[in-house]
Amino acid sequence: MTLNIGISKKLIFPFFLFINFIQPAKSSYLDKLNEKDNHLFSKEDFSKILNNKKLSNLSINNNFEKNILEKFKEKNSNLLLADLIEKQEEIIIQSDKQSEINNVIYAEGNVSVQYKGKLLKAESLIYDKSKKTISAKGQIELFLGDQIFKISQLEYSFISQKGYLLDVKGSINTNTLMDDLSSNFSLSDFNKIESLLELNKKEVVNTPGRVDNWIFFTDKMTIDGNKWNSKKAVFTNDLLELQQVKLAINSLEVLSKPDKLRFKSSLNYLIFEEKVSIPFWLGDRSLTKSGESFSLDNRWNLGYENLDKDGYFIGRKFNSIDISDDFILDLEPQFLLQRSLKGYTKSFVKKNESITSEKIKRNANFEDYFALNSKIKGRINNWDLEIDKNLNSLDFDKFSDAFRFKTQLSKEINFLDSKWDKSFYGIYRERVWNGSLGEAEIYSGYGSKLQKENTWIVDGIEKTEFLSLGLSNITAEALNTKNLVTNLKGNLFYSLDQKFPITIEDPEKKSIDISYKYITEPITKGLSLNTRLEASYSFYENGAHQEYVGIGIGPELILGNFKNKTFDYTRISLFPFYKLDSGESVFKFDQNYENFTLNIYFDQQLYGPIILKSFGTLNLTSDSDDYGELIDSKISLNWKKRSYEFGIFYQPHNQAGGISFSLFGFK
């Protein structure tokens with residue numbers, strides 16, 4: 001079990017967004033603009049065109065204006081502006097007042113610059129035709145889809161390709177970032193701009209499982225060609241107070257490419273409540289247009305793993321390595337602290353013994369003090385490929401015992417008018433925990449799965465349905481001996497979970513405001529009844545089979561609002577589950593053993609953000625040697641806030657523990 005002190009949520013640094021509006025490739029459009037002064041329209045110009053019934057009285061000097069006049073004949077001004085916004089190939093500058101002196105254009109008062117749907121607003125703007133420089137001052141606002149930026153001053157030279165931005169504040173959405181860089185606005189986007197200008201919100205809604213929206217600040221961003229630099233930038237996912245948790249990114253450098261954004265930084269800090277700072281390293285990162293999510297992980301890992309690594313270890317992740325355009329390699333070398341201090345290991349069997357034999361105490365060599373985890377990720381056509389490899393000793397005499405491997409090729413497909421996840425996989429030495437039977441070893445195997453999951457609500461009843469079909473060829477530890485056996489296995493599995501409200505008090509709304517310090521969404525309180533129906537059938541090449549039908553039903557009680565400082569939240573859930581089974585597996589890892597269990601959940605706020613969370617599975621199978629004992633369990637003490645959660649956990653059943661950290665997303 002790894003103690004991963006890190007962050008596994010989306011994050012991206014948005015200064016490169018300005019490249020899409022002001023960049024060397026666009027200077028030619030500014031040249032076109034400057035060749036014909038009448039491409040600079042003021043609001044009065046548009047008004048004259050709209051109000052003039054005899055359009056022939058206007059001087060038409062180029063095809064661009066002819067097209068405009070034709071469109072004014074057919075559409076009203078709003079439709080025309082929308083069409084210009086979406087199709088224009090040249091810059092349009094609107095302002096209350098415009099003038100030109102010595103090849104320098106001055107625009108003042110409600111300045112609006114539009115180019116291919118990108119919009120920049122400022123109090124004043126100056127463009128020098130000869131020097132090819134542009135500058136803007138006074139409450140500058142830049143809009144690129146869901147990406148919004150406020151700047152106090154902007155300077156840029158199209159000749160030297162250098163410039164700077166001052167006092168940058170912004171709101172970005174990582175989910176739409178790459179699309180916004182290349183797509184146009186619609187008229188509706190402009191209509192909603194005013195409601196987006198307030199960066200910190202009064203109310204927000206949680207986005208479960210992801211962090212898409214960030215607010216960021218930097219005093220100065222310098223531009224040098226396609227490189228952007230900032231000494232320090234601050235990001236937060238806390239859209240309400242902007243202070244629960246922040247990420248201070250130092251020496252940020254962003255490199256813009258046509259299909260990729262690459263950036264790096266030096267030592268950075270995770271800041272909690274403006275008081276506690278924890279250093280972390282970002283290294284090199286990339287965001288592509290392929291839809292690949294961007295994750296921020298702490299480079300340092302402190303972990304505890306007793307079975308394979310003899311206890312505590314420390315790891316350091318390297319920067320991702322681009323193998324090709326479609327594949328990256330992640331490496332994490334580890335130093336096994338406890339093994340090195342003890343000088344011996346209990347993670348390996350006797351030399352030349354079967355992998356399923358009992359592990360013994362062996363002297364540790366220097367090479368045994370080190371381990372290596374690696375992962376290759378990429379895409380083959382429309383398939384996602386992931387290869388995980390773990391080496392728990394660098395002593396090559398122990399290679400077959402120390403090496404673990406797993407690979408998966410998967411994609412989403414349409415089948416029987418619904419979406420399914422299709423996957424092919426291969427494994428070498430995978431550990432499986434099977435209740436009171438304990439740890440079981442799969443030596444090798446390969447196979448395929450087809451599965452789907454649906455969640456919906458009917459009359460207030462929450463339903464989750466899961467269906468899986470699998471076929472595999474496996475070599476694994478036998479059920480009743482330590483021998484390895486090989487067999488073809490097929491499996492069909494179905495489950496239906498339902499949550500019936502009994503006396504439920506739903507919150508008036510899903511949004512939260514600044515009064516919610518500890519939770520991401522309002523609490524749904526009351527008593528409900530959880531049920532589960534399960535069915536499984538497995539068959540094996542040698543003619544063996546096993547099957548079961550399982551049913552569970554139990555109450556769940558939730559009290560409190562988690563807004564007061566003491567004991568304002570309690571969750572208790574009891575879930576007995578009974579299986580009616582028959583048959584027997586060939587393998588130990590998938591044998592249906594316990595036919596009666598009780599799952600117990602208990603969560604309790606203690607004081608402020610401190611909450612105790614616990615879970616245990618009690619074995620109630622009367623003829624089991626472990627009757628009345630916990631066969632699966634976890635207890636954690638967490639510091640829970642609206643924007644993040646930090647916890648320390650321990651699993652008594654397998655004597656493993658760890659540290660968890662999560663960031664929460666809002667919109």
Side-chain angles (χ1 to χ4, degrees), residues 175 203-210 212 412-421 449-469 492-513 515-516 518-537 547-563 568-580 595-605 611 613-617 640 642 645 662 664-667:
N175 190 46
E203 290 188 351
V204 294
V205 178
N206 177 235
T207 54
R210 67 184 194 274
D212 292 334
E412 187 178 76
I413 65 171
N414 291 316
F415 180 62
L416 299 177
D417 296 326
S418 60
K419 294 186 180 298
W420 296 68
D421 292 322
K449 286 183 180 179
L450 183 65
Q451 59 189 39
K452 70 170 183 175
E453 183 175 2
N454 297 319
T455 300
W456 70 100
I457 299 177
V458 178
D459 296 329
I461 302 172
E462 298 179 17
K463 300 174 181 282
T464 300
E465 182 183 54
F466 182 81
L467 177 62
S468 173
L469 300 91
L492 172 65
F493 177 83
Y494 175 82
S495 68
L496 176 64
D497 292 331
Q498 300 184 87
K499 187 171 187 175
F500 296 87
I502 298 178
T503 56
I504 293 296
E505 182 182 341
D506 289 316
E508 295 181 359
K509 53 185 179 180
K510 294 184 177 180
S511 62
I512 60 173
D513 55 29
S515 66
Y516 290 84
Y518 310 126
I519 51 177
T520 59
E521 57 186 357
I523 300 293
T524 299
K525 299 179 291 185
L527 180 65
S528 59
L529 194 66
N530 296 321
T531 68
R532 176 180 298 160
L533 176 65
E534 260 185 27
S536 177
Y537 176 73
E547 52 278 329
Y548 73 84
V549 175
I551 186 170
I553 182 169
E556 180 180 25
L557 178 65
I558 297 177
L559 303 172
N561 297 305
F562 215 140
K563 296 183 74 174
D568 193 25
Y569 176 77
T570 303
R571 173 181 176 244
I572 302 174
S573 175
L574 301 174
F575 192 78
F577 189 78
Y578 182 78
K579 292 179 183 177
L580 182 63
N595 57 25
F596 188 26
T597 58
L598 174 65
N599 289 342
I600 305 170
Y601 298 85
F602 176 67
D603 300 341
Q604 178 64 60
Q605 180 203 18
I611 180 173
K613 295 183 177 182
S614 59
F615 160 77
T617 298
K640 182 175 177 59
R642 177 184 62 245
E645 185 170 6
S662 298
F664 304 120
F666 303 93
K667 63 179 181 179

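Quantities reported herein were computed from a predicted structural model and do not represent experimental measurements. Numbering of residues begins at 1 and proceeds along the displayed sequence.
Expressed to the nearest 0.5 Å, how far CG of Asp459 lies from CZ of Phe500 amounts to 10.5 Å. The CD atom of Gln498 sits 12.5 Å away from the OG atom of Ser528 when rounded to the nearest 0.5 Å. Here NZ of Lys579 is found 14.0 Å from CD1 of Ile551. Values are rounded to the nearest 0.5 Å. Note that OH of Tyr548 and OH of Tyr578 are 14.0 Å apart. Values are rounded to the nearest 0.5 Å. Atoms CZ and CG, on Phe577 and Asn595 in that order, are 11.0 Å from each other to the nearest 0.5 Å. Between the NZ atom of Lys452 and the CZ atom of Phe415 there is a distance of 9.5 Å, given to the nearest 0.5 Å.
Counting heavy-atom neighbours within 6.0 Å of Ile461 CD1, excluding the residue itself, gives a total above 12. Other residues, nucleotides and ligands contribute more than 12 heavy atoms inside 6.0 Å of the CD atom of Glu203. Dense packing is recorded around NZ of Lys463, with more than 12 heavy atoms of other residues, nucleotides or ligands lying under 6.0 Å away.
With sequence neighbours left out, Asn530 forms a side chain to side chain donor-acceptor pair (under 3.5 Å) with Glu556. Annotation: side chain to side chain contact (heavy atoms under 4.5 Å, CB included) contacts of Thr503 (sequence neighbours excluded): Leu527. Partners of Asn561 according to the side chain to side chain donor-acceptor pair (under 3.5 Å) rule, which considers only residues two or more places apart in sequence or in another chain, are Lys525. A search for side chain to side chain contact (heavy atoms under 4.5 Å, CB included) contacts involving Glu453 returns Thr464, Phe466, not counting sequence neighbours. By the side chain to side chain donor-acceptor pair (under 3.5 Å) test, Thr617 is found to be paired with Asn599, residues two or more places apart in sequence or in another chain being considered. Under the side chain to side chain contact (heavy atoms under 4.5 Å, CB included) criterion, Tyr494 pairs with Glu465, Leu467, Leu496, sequence neighbours left out.
Of the possible polar contacts, none joining the Glu534 side chain to the Gly550 backbone as a donor-acceptor pair under 3.5 Å is found. Here the side chain of Asp603 pairs no donor or acceptor atom with the backbone of Ile572 at under 3.5 angstrom.
Nearest heavy atoms, Phe562 versus Ile523: CB-CG1, 4.5 Å. Nearest heavy-atom pair across Gly554 and Pro576 is CA-CD, 4.2 Å. Looking at every heavy atom in both residues, Lys640 comes nearest to Ile611 through CB-CG2, 4.0 Å. The heavy-atom pair separating Leu529 from Pro555 by the smallest distance is CD1-N, 4.0 Å. Between Arg642 and Thr520, the shortest heavy-atom contact is O-CG2, 3.2 Å. Scanning both residues, Phe666 and Val204, for their nearest heavy atoms gives CD2-CG2, 3.6 Å.
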Using the side-chain contact (heavy atoms from CB on, under 4.5 Å) rule, take Tyr569 and Ile558 through it: C-alpha gap first, then chi angles, then the decisive distance, then the call. CA-CA 7 Å; Tyr569 176 77; Ile558 297 177; 3.7 Å; yes
Evaluate the side-chain contact (heavy atoms from CB on, under 4.5 Å) criterion for residues Ile519 and Ile512: first the C-alpha distance (whole Å), next the side-chain angles of each, then the deciding distance (0.1 Å), finally the verdict. CA-CA 9 Å; Ile519 51 177; Ile512 60 173; 5.7 Å; no
Apply side-chain contact (heavy atoms from CB on, under 4.5 Å) to Asp506 and Ile504, showing your working. CA-CA 6 Å; Asp506 289 316; Ile504 293 296; 3.5 Å; yes
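Looking at Tyr516 and Glu521, their side chains never bring a donor and an acceptor atom within 3.5 Å of each other. Between the side chains of Lys449 and Ser468, no donor-acceptor pair of N or O atoms lies under 3.5 Å. Side chains of Thr570 and Gln604: a donor-acceptor N/O pair is present below 3.5 angstrom, by distance only.
The aromatic rings of Tyr601 and Phe615 lie tilted to each other, with the angle between the two planes from 30° to 60°.
With a 4.5 Å cut-off on side-chain heavy atoms, Lys419 and Asn414 count as touching.
In this structure, Asp497 pairs ionically with Arg532, as a charged nitrogen and a carboxylate oxygen lie closer than 4.0 Å.
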